[in-house]
There are 2 protein chains.
Amino acid sequence: MRPDFLIRNKHIIIYGISLAILLFLLRWLQLRLIVFNHAFEIYVGAIALIFTALGIWLALKLIKPKVQIVEHIVEKVHEPESTDTFKLNEDTLNELGLSKRELEVLQLMATGLSNQEIAGQLFVSLNTIKTHTSKVFEKLDVKRRTQAVEKAKRLSLIP
Amino acid sequence: MRPDFLIRNKHIIIYGISLAILLFLLRWLQLRLIVFNHAFEIYVGAIALIFTALGIWLALKLIKPKVQIVEHIVEKVHEPESTDTFKLNEDTLNELGLSKRELEVLQLMATGLSNQEIAGQLFVSLNTIKTHTSKVFEKLDVKRRTQAVEKAKRLSLIP
DNA sequence: TGTAAAATCACCCAAAAGTATGAGAATAAA
DNA sequence: TTTATTCTCATACTTTTGGGTGATTTTACA
């Protein structure tokens, strides 16, 4: 959990450290200023420079909807939602009154199978599957299988 | 009576007024002192703010020459994307040759909309959407829209 | 400026999906 | 055992989807 926390808040930590260093630097510059009274312009210049850089950095860092440009950079990251520990939302499941078989059909539906293919998997007729899907749609209050899958995923009825 | 009273307590009144003025003066001096003591910090803060804004403005305005920098920064940030900020997999996208419009249709498809509804959203005809979906299926190498959505999500083409 | 890719639309046909209704069999619950 | 639910299947019908083909118009780019 500790390393995880560190990793997750990497930016914040880095930012904090940077800020600390920056403040330290400023403090140092301030002392310099007191010692050499004529360094005021230099001090202000340094401030201006540093914060201009900070502004640029902030802008580049935090404003990246410039997908057009960033395109070539965003390489190789691929494996987002892998470590899946799916937890079925039984409350919602019971609330909706979905039967075991209906959930089963819903799961297969989510994998992109056709009704015919689902029927084959479950060794029942196509009509049976149609009945199930109809009931699923009714209970989920949707009209199409794509909506059903979308909603089921949203409700954690499905991984 | 009135003048009499005033005259009689002249000293006291003067003293009181003097005291009041003095207190007021002290108060004012105190404020001045506070402001003066922090004038430097305030000044530096203003400088910092202004130049931070300037930096942001510069970065946004002259983003073209700064792209190189953006690239490096972004690349370092790579892995820690645990938050739900969806990052589109542009490699795969380009690899598959999906056009902008096709991706758009795919996205709407993923929300469970019918072709007719998608056509309505995009202000084009149903036939056009059918053409798009067909091409999407072809490029994704799938047969049905449910499969397309499933695969698109797996490939991070879609949140 | 000409070419290629993308976007648009149409028509036809077939397959799949979805709706409505009814009904028999298995199962769980009372 | 009776009852309610679930699961099963069927038939008929409508809507949606998907495949194939071809054509016109934009748009981007060399």
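Chain A is the first sequence line, chain B the second, and so forth, proteins listed ahead of strands; every chain is numbered from 1.
Pairing each heavy atom of A/Glu104 with each of A/Leu122, the nearest pair is OE2-CD2, 3.6 Å.
A/Asn115 comes within contact range of the sugar-phosphate backbone alone, with a heavy-atom separation under 4.0 Å but no base atom that close.
Atom CD in B/Glu102 sits about 6 Å away from atom P in C/dA7, given to the nearest Å. At whole-Å resolution of the value, CZ in A/Phe123 and C1' in D/dC9 are 18 Å apart. Here the P atom of nucleotide C/dG18 and the CZ atom of B/Arg144 are 11 Å apart, to the nearest Å. Counting to the nearest Å, the P atom of D/dT8 and the CD atom of A/Gln121 are 14 Å from each other. If you take CD1 of B/Ile118 and P of D/dT17, they are 8 Å apart, rounded to a whole angstrom.
Put simply, B/His132 has no side-chain N or O that comes within less than 4.0 Å of OP1 or OP2 on C/dA7. Side-chain nitrogen and oxygen atoms of A/Thr128 include at least one within less than 4.0 Å of the OP1 or OP2 phosphate oxygen of D/dC9. At the phosphate of D/dT17, OP1 or OP2 sits under 4.0 Å from a side-chain N or O atom of B/Arg145.
Here the nucleotide nearest the side chain of A/Asn127, chosen from C/dT19, D/dG19, D/dA10, is D/dA10. Closest contact between the side chain of A/Arg101 and the listed nucleotides D/dG19, D/dC7, C/dC9 involves D/dC7.
One hydrophobic cluster holds both B/Leu113 and B/Val136 under the rule that ILVMFWY side chains link at heavy-atom gaps under 4.5 Å.
With respect to the salt-bridge test (charged N to carboxylate O, under 4.0 angstrom), the residues B/Glu150 and A/Lys153 do not qualify. Using a cutoff of 4.0 Å between basic side-chain nitrogens and carboxylate oxygens, B/Glu138 and B/Lys135 are not scored as salt-bridged.
Within the 3.5 Å criterion, the main-chain N or O of B/Gly97 finds a donor-acceptor partner in the side chain of B/Lys139.
When each of B/Leu126 and B/Lys135 is assigned the nucleotide of DNA chain C bearing its nearest heavy atom, the one mapping closer to the 5' terminus is B/Lys135. Taking the nucleotide of DNA chain C with the nearest heavy atom to each of B/Lys139 and B/Lys130, the more 5' of the two is matched to B/Lys139.
Remark: the A/Thr131 side chain and the D/dC7 base include no donor-acceptor N/O pair separated by less than 3.5 Å. A donor and an acceptor atom never sit less than 3.5 Å apart when one is taken from the side chain of A/Ser99 and the other from the base of D/dC7.
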